[in-house]
Amino acid sequence: MVQTREPITGKLCLVSGPMIGASGMLGVSMGEMLRVGTLGLIGEVIRINGDTVYAQVFEDTGGMMLGEPVTSLGYPLSVELGPGLLGGVFDGIQRPLEVLRAMSGDFIARGLTAPALDREKKWGFTPTVTVGQKVVGGDVLGTVQETRAFMHRVLVPPNVSGVIKSVVSAGEYTVEQPVVVLEDGSELAMMQRWPVKRPRPVVRKLPATEPFVTGQRVLDCIFPVALGGSAVVPGGFGTGKTVVEQTLSKYCNADIIVYVGCGERGNEMADVLDEFPALTDPKTGDSLMNRTILVVNTSNMPVAAREASVYSGITLAEYYRDQGFSVAIMADSSSRWAEALREISSRLEEMPGEEGYPTYLSARIAEFYERTGRAEVLGTVAEGEEPRQGSMTLVAAVSPAGGDFSEPVTQTSLRVAGGFWGLDAALAYRRHYPAINWKVSYTLYLETLKPWFRDNAPKGWLENRQRAMDLLQRDAEMQEIVQLVGPDALQDGERLILETGKMVREVFLQQNAFSDNDAFSSLEKTGGLLETLLEFYDLSKNAIENGVTLNRLMGLPVREDIARLRNESNANFADKRATVCARMRADVAAAATKKG
Amino acid sequence: MTGNNQTPAEAPLRAEYWDLTYISGPLVFLKNGGRFPSGAILELTMANGEVRQGQVLEASTSHAVVQVLQGTQGVDVKGASVSLKQDVATIGVSTALLGRRFNGTGVPIDGLPPAVVDKEMNINGAPMNPVARDKPNDFIETGVTAIDEFNTLVRGQKLPIFFGSGLPANEVANLIVQQARTRDASEQFVVVFGAMGITEREANYFMTAFDEGGQGGRVVAFINKANDPAIERVFTPRCALTVAEYLAYEMDYQVLVILTDMTSYCEALRQVSSAREEIPGRRGYPGYMYTDLSTIYERAGRIRGRKGSVTQMPMLTMPDDDITHPIPDLTGYITEGQIVLSRSLHRQGVFPPVDIIPCLSRLMNNGIGEGRTRGDHRQVANQLYSAYAQGLDIRKLMTIIGEDALSDMDKKFLKFAIQFERELIGQGWTRRTIDESLDASWKLLSLLPRAELTRIDTKYVDLYYKAGEETAAAPVS
Ligand SMILES: Nc1ncnc2c1ncn2[C@@H]1O[C@H](COP(=O)(O)OP(=O)(O)OP(=O)(O)O)[C@@H](O)[C@H]1O
Ligand SMILES: [Mg+2]
């Protein structure tokens, strides 16, 4: 929980962009929240020198005069946790943006405060504990139907335990009303607070064994990441990071999505807010917005709050993990967070590391990634019951300067993430979307996921994956030869590799995120499509060995049917595939009898 | 920053301070940081009576850092005094600004008296609440095929033009200003023009072009010329955008903001940063340039429940034709796509010389399709794009293996690519409606066999495709 101390008030003695200094603040500790100046802007202590503290301010500091009062609040930057988060849109320090709009209109004024959770709203609370019961951190005190599909579990905060003295009866309560009183007199309500920079504890981390299914063929089949894993998505501007983040938010198999728009565009958020409420959650059939929490700190919003936004986001995610859900965090873009660190660090005149980033950049990034994972969460395990589990999967976009992956944020993230989905400007220019470069991308989860794929994915999944990789590799080699000497130097068998390589790239790897039928590809469709392409390759190879020319095979009209197969909906796919495959076999066989 | 238009007689007596201690580049340092609010606009009065403007960048008990808009040439620490002019930088706004020309900080340069203003607004604006934003989705027809068909501009978008020096970027911008129309002709469409560090010749080109095209009355221009004080450039786009926001969100106009040249703006930013001895980022540009640029570019958009919109077309020179240079790079990371001009197309005499391969409009899908442009728009654009890319590959291959070694199909694509550049992109100064652009596209597609058009639904192919003579003759296996 959040510790508090009596406030301390001092005087403003420095204003430099997003950083301020205040003197007369002896007793204030690192990370404490401040209210700065007569406007009461919110800040966070980041350096202490004697009685002077330096703080980053989460709002624009223009117009402040030295000598204005600065008050410490006695507690660190924290978020409110409880029912009412799902479907919400918050800024980097968890102020609800709809409420801010009601307070200050279409543009955000300074010095506004508003609680993240509605204090008036009453929630239907059903207790699951009884008087005299001993509870520990993570135990479920009761449930609340948070959205149509989500049963929110009200938890005992991690570091609290005791014996229940009284508990309310089922009924409607606000988030602040105590629902349980412990013997020691402490009152527990539906809402708790947690400091964002401190990870919420778990019993232990568990190995990740199930895939994070995204409906994207190149991800699910070629570079799968585990539920509880993490993936870095670096790419130059316009290569498709945001489309990946948004598409995954729509279709992935996590229960809850925390989408952190960190220093990116306002219009993209307008897009999400326009689109998500109308889409359906693939798991529950309810509105997609009801499984989503948006933390939005667009690029033109104060830079320090950008830094806070990723922490706010991950803490909200941890809270739902602790309830036993699988949560996916989309961070777009983690580079903007790193840049915010750099900006503040340079104001502090810290000695810069690589490319001006502070030397603690890699430590911060590593700590952040470490908060993800699959875990056995806190709480008493009843006899004969399995411990509750939850997971947090992170997909972090990285925006490298000049699209060059050798820069520090990409490199540091790669050291700690298990999946690397590298986006390539050359592919994006060719409108090969998603522009994931299969030559450089990788996943470290394949081995641990193999058993799952063997048991649950369409037959031949792993073998076909390997064959596709080999084919793409040879395709790349052949292309190099063609670049040097032209296509005439190749035999028909080699040119077949080029032709099928192209089909794998264009039909299988490419996937239009805006296509009605193909934005989400089920595992069955993904497996079936690849199987079809590989079968075409095998049949053709065989035919060529029997003297059929490549030109004849490439002229077969069934090729167009294969190309259009991916536009079939997931539901119709199997039938259509059967028809196309039958035709393919017949046509290739017919070509073989004609020869030449 | 027209300031409060008070005459000296009615202005309250202002305290003056002889506080200067140190001068570096465009900055002066004051002894006492406690006198003025951060961000305040000061007046710096020199010994000879000349008055300049400055802005407080940093204040601490030991000093204040002030950037002087007109530079520090001739300023000395003993003779100059400072006094507070305004707590924040503001600009006076009203519809009377339409048709007017100002310098980079809002002083009239058209020989007319200051415009009557409705109110003063803070030039830094405030961040738009993301939940207040309305999704940009109305097609703006620029009449330029390379934009309308392939990189559609929609209202509320920020779409920059990247170009190498010497390319006809101004002409392209002018073409767009002259020709742009929104679907609903009754809407009031105005232009706010912010120029940073442009030459006299360029300034004249634009002003004459606007007047001759009859646009003069609907243009507000803020012009900081190459020989004007460089630091003023930091203010110019903010003045322009404040006026644009006023016209859009309070007066219901559809506003197109042209900002040129953002490269000069960034250089001014770099100059201030280096004078402050900040740790430089890539190529000496400050580490906060992304944040700074976003406070300009993000001021495009639409607001729920309001009629007007701010659409931005920033223009910038890519130093060395390098799109990975920090200025185009950071811009691309903020804007919603980019239009890129090509030197090689320009050499071939193609106008507008738009290289569609690196171009992108991220909001295109919101503005096109049935009911907006035409049902076949997206697919035709995709098909042409991919056929052109293929044609370019073949052109490259040809330089290795020679034209004779190309297959018949290769030759078709090659011919297609050449005509695509010459005819479709190189439309010259003729305006095309989106229908005319699409019709011209189908004509070009007739160079290719029908079987190649896999990116277009058969229903559209049946409707629009007419095989060309050569392709019709070729048997389909
Ligand atoms: N899977 C996809 N299907 C179709 N189009 C795509 C896909 N991925 C990307 N695009 C196209 O690429 C454009 C740019 O993508 P996106 O906005 O995701 O880039 P980004 O990497 O987030 O860029 P930035 O770093 O500037 O934010 C999209 O607007 C869309 O037109
Ligand atoms: Mg993006």
Side-chain angles (χ1 to χ4, degrees), chain A residues 13-17 21 60-67 89 97-98 100-101 105-109 237-238 261 263 265-267 269-271 273-274 296 298-301 303 336 339 342-343 346 352 355-356 399 401-404 429-431 482-486 488 514 552 555 560 563-564, chain B residues 33-34 36-40 58-61 87-88 124-136 156-157 249 278-282 287-288 290-291 294-295 298-299 301 303 324 326 329 332-334 336-338 357-358 360 362-363 365 382 385-386 389 397 400-401 405 451 454 477:
Chain A
C13 66
L14 165 76
V15 184
S16 170
D60 179 34
T61 57
M64 308 223 110
M65 284 283 269
L66 298 191
V89 187
L97 287 171
E98 287 290 0
L100 294 195
R101 185 174 187 224
D106 297 328
F107 296 87
I108 303 176
F237 64 79
R265 301 172 182 83
N267 280 335
M269 291 303 127
D271 215 29
L273 290 173
D274 180 69
V296 180
T298 53
S299 55
N300 58 335
M301 286 160 77
V303 65
R336 306 300 167 218
E339 286 162 9
R342 175 169 69 183
E343 200 168 324
S346 103
E355 291 199 16
S399 315
D404 177 358
Y429 280 170
R430 315 203 117 253
R431 304 299 193 255
V482 172
Q483 291 300 322
L484 289 176
V485 292
D488 284 350
F514 307 105
R552 173 172 287 282
E560 196 184 323
R564 290 189 189 267
Chain B
F36 310 111
S38 68
E58 183 181 320
S60 79
T61 35
D87 281 359
V88 289
N124 290 320
M128 195 188 285
N129 190 324
V131 300
R133 280 188 187 265
D134 204 350
K135 188 169 156 174
Q157 182 173 15
Y249 306 133
E278 290 168 338
I279 299 157
R282 283 174 71 220
Y288 49 78
Y290 172 84
T291 305
S294 74
T295 61
E298 275 291 312
R299 291 173 80 175
I303 296 180
T324 68
D329 190 48
Y333 271 125
I334 305 166
E336 284 134 354
Q338 66 279 340
I357 299 290
L360 177 70
R362 305 177 193 221
L363 304 181
N365 286 339
N382 287 351
Y385 186 95
S386 103
L397 187 65
I400 304 165
I401 61 170
T454 52
S477 68

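Labels below follow one simple rule: chain letters A, B, ... track the order of the sequence lines, proteins then strands, and each chain is numbered from 1.
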Of all of [options], which one pairs up most often with chain A through heavy atoms under 4.5 Å apart?
| options | result |
| --- | --- |
| B:Ile401, B:Leu397, B:Thr291, B:Asn124 | B:Thr291 |
| B:Ala59, B:Ala126, B:Pro130 | B:Ala59 |
| B:Ile303, B:Asn382, B:Asp134, B:Asp87 | B:Ile303 |
| B:Gln338, B:Arg299, B:Glu278 | B:Gln338 |

Taking the side chain as everything from C-beta on, heavy atoms only, tell me whether [X] gets closer than 4.5 Å to [Y].
| X | Y | result |
| --- | --- | --- |
| A:Asn267 | B:Pro136 | yes |
| A:Asp404 | B:Thr324 | no |
| A:Leu14 | B:Glu58 | yes |
| B:Tyr290 | A:Glu343 | no |
| A:Asp60 | B:Ser38 | no |
| B:Thr454 | A:Glu560 | yes |
| A:Val303 | B:Tyr288 | no |
| A:Asp271 | B:Leu363 | no |

Side chain / backbone / both / neither for B:Ile357 at chain A, heavy atoms under 4.5 Å: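 Both parts, heavy atoms under 4.5 Å.
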Side chain from CB out, backbone as N, CA, C, O: work out which of these in B:Val131 comes under 4.5 Å of a heavy atom of chain A, or both, or neither.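 Both the backbone and the side chain of B:Val131 come within 4.5 Å of chain A.
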Looking only at heavy atoms, what is the nearest atom pair of [X] and [Y], with distance?
| X | Y | value |
| --- | --- | --- |
| A:Gly238 | B:Arg362 | N-NH2, 3.0 Å |
| A:Gly266 | B:Glu298 | N-OE1, 3.0 Å |
| A:Met65 | B:Pro37 | SD-N, 3.1 Å |
| A:Phe514 | B:Asn365 | CD1-ND2, 3.7 Å |

State whether the side chain of [X] and the backbone N or O of [Y] hold a donor-acceptor pair below 3.5 Å, judged by distance alone.
| X | Y | answer |
| --- | --- | --- |
| A:Arg265 | B:Ile334 | yes |
| B:Asn129 | A:Leu97 | yes |
| A:Asn300 | B:Pro127 | no |

Can you tell which part of [X] gets under 4.5 Å to a heavy atom of chain B, answering side chain, backbone, both or neither?
| X | answer |
| --- | --- |
| A:Val296 | side chain |
| A:Arg101 | both |
| A:Tyr429 | both |
| A:Asp106 | both |
| A:Leu100 | both |
| A:Ala401 | both |
| A:Thr298 | side chain |

Heavy-atom pairs under 4.5 Å with chain B, option from [options] with the top count:
| options | result |
| --- | --- |
| A:Ala270, A:Gly67, A:Gly21, A:Ser399 | A:Ser399 |
| A:Glu98, A:Met301, A:Glu355, A:Glu339 | A:Glu98 |
| A:Pro352, A:Gly17, A:Gly402 | A:Gly402 |
| A:Gly263, A:Ala109, A:Cys13 | A:Cys13 |
| A:Arg564, A:Met64, A:Arg431 | A:Arg431 |

Do we get A:Arg336 above B:Tyr333's six-membered ring, with its NZ or CZ under 6.0 Å from the centre and within 45° of the axis?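 Yes.
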